[in-house]
Structures are given as C-alpha cells and as structure tokens.
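One-based numbering, in listed order, for ligands and for the atoms of each. Bear in mind the structure is a predicted one, so any value in this text is a computation, not a measurement.
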Amino acid sequence: MSEEKTIFKRIIDGEIPADIIFEDEQCLAFKDVHPQAPVHVLVIPRKEIPSIAHLSDEDGSLMGHLLLVVRDLARQLGLDDGYRVVINTGENGGQTVDHLHVHLLGERYLGWPPG
Ligand code: DGP
C-alpha cells in the first residue's frame, strides 16, 4: 500500500469535507462528488483496505456490515423500485480510488450490461 493517504482516508480523518449521511464505528457513507444517478452514495470501511482483492478472511463480517448499511440507506432514501450496488475493483474494474468502497446508485433505471 502506498504511504500517501487516499482521498477517502482523508475524508475519514476529517481533513477534507464530504456530505456524510451515515457513520458508525466501522464505516462512513457520503454522497459521491460525481453522481451517476440521482442517488449516488459511497459506503466505505474505516479500515484501510485498498480493494476486494486485498480482503482478508477476517474482513467477512465487515463486508457483511457494509451491505447491511447499504440496505438500510436504500430503505431510508426510498429506493423502493430498486437500486444497484457496485464495487469497482482494480484497473479493469474501473476503480479510481484505492480504498475499498461500495457504490449505492438509485432513483433512475440503470441499464445492463454496464459500460
Ligand atoms: P471508483 O471509480 O469505483 O474508484 O469510484 C470512486 C468514486 O469516488 C467516484 O465515483 C468519484 C468519487 N470521489 C472521488 N473523489 C471524491 C471526493 O473527494 N469526495 C467524494 N464525495 N467523492 C469522491
């Protein structure tokens, strides 16, 4: 892992602002700065894990927790018609920030396959 803090670690540390909509001891959820849908939220673990490819077996409950937070936020945000949950991973996956993050997208129809 690079010594330099990622932009998301800087948000966790309060060094740069973000529109935080939820936080607990394990994670943070905030609005994506470049929204791809009317609702576009990122849920990130406080733990510095660069990507899914870097997960340890012990991170299983943390990952489950992130998905339960996504479920709760989707309910709170009224995404009753459905939504998409995305974790871009690595270069071919389109990952641009090397701190694992879960995208929650909704409030419009999302086509498939993705680009
Ligand atoms: P990905 O391509 O999966 O690595 O997505 C990274 C997302 O992070 C992208 O949708 C834009 C968002 N993002 C990048 N920098 C910032 C930032 O400083 N603040 C917020 N809120 N979102 C950011």
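Between the Ser56 side chain and the Glu58 main chain, no donor and acceptor come within less than 3.5 Å of each other. His54 places no side-chain N or O within donor-acceptor distance of the main-chain N or O of Pro50, the cut-off being under 3.5 Å. Distance alone, capped at 3.5 Å, is enough to place a donor-acceptor pair between the His101 side chain and the His99 backbone.
By the criterion of side-chain heavy atoms lying less than 4.5 angstrom apart, applied directly or through intervening Ile, Leu, Val, Met, Phe, Trp or Tyr residues, Val69 is grouped together with Tyr83 in one hydrophobic cluster. By the criterion of side-chain heavy atoms lying less than 4.5 angstrom apart, applied directly or through intervening Ile, Leu, Val, Met, Phe, Trp or Tyr residues, Met63 is not grouped with Ile12; the two fall into different hydrophobic clusters. Grouping the Ile, Leu, Val, Met, Phe, Trp and Tyr side chains by contacts below 4.5 angstrom, directly or via other members, places Val102 apart from Leu105.
Residue Gly94 has at least one nitrogen or oxygen atom sitting less than 3.5 Å from a nitrogen or oxygen atom of ligand 1, judged on distance alone. Polar contact check, Ile11 against ligand 1: no nitrogen or oxygen pair lies under 3.5 Å apart. Considering backbone and side-chain N/O atoms, Val97 comes within less than 3.5 Å of an N/O atom of ligand 1.
Contact between Ala18 and ligand 1 is absent, with no heavy atom of the residue lying under 4.0 Å from the ligand. Residue contact check for ligand 1: Arg10 places no non-hydrogen atom closer than 4.0 Å to it.
When all heavy atoms are compared, the tightest approach of Val41 to Ala29 is CG1-CB, 4.1 Å.
Looking from atom 16 (C) of ligand 1 to the surrounding protein, the closest heavy atom is Val33 CG1, 3.7 Å. Scanning the protein for heavy atoms near atom 21 (N) of ligand 1, the closest one is Lys31 O, 2.9 Å. When hydrogens are left out, the protein atom nearest atom 1 (P) of ligand 1 is His101 NE2, 3.1 Å; that is the closest non-hydrogen contact. Looking from atom 8 (O) of ligand 1 to the surrounding protein, the closest heavy atom is Phe8 CZ, 3.3 Å. Closest protein heavy atom to atom 18 (O) of ligand 1: Ile7 CG1, 3.4 Å.
A distance of 9.0 Å separates CG of Asp59 from CG of Leu100, quoted to the nearest 0.5 Å. In this structure, CG on Leu62 lies 8.0 Å from SG on Cys27, to the nearest 0.5 angstrom.
Counting atoms of ligand 1 from 1 in the listed order, those under 4.0 Å from a heavy atom of Asp32 are 7 (C), 8 (O), 9 (C), 10 (O), 11 (C), 12 (C). Short contacts between ligand 1 and Phe30, defined as distances under 4.0 Å to a heavy atom of the residue, involve ligand atoms 20 (C), 21 (N). Short contacts between ligand 1 and Asn88, defined as distances under 4.0 Å to a heavy atom of the residue, involve ligand atoms 1 (P), 2 (O), 3 (O). Counting atoms of ligand 1 from 1 in the listed order, those under 4.0 Å from a heavy atom of Thr96 are 1 (P), 2 (O), 4 (O), 5 (O), 6 (C). For ligand 1 and Gln95, the ligand atoms under 4.0 Å from any heavy atom of the residue are 4 (O). In the vicinity of Leu42, heavy-atom distances shorter than 4.0 Å reach the ligand 1 atoms 8 (O), 12 (C).
Looking at Gln26, Glu23, Glu25 one by one, the single match for side-chain hydrogen bond (donor to acceptor under 3.5 Å, both in side chains) with Arg46 turns out to be Glu23.
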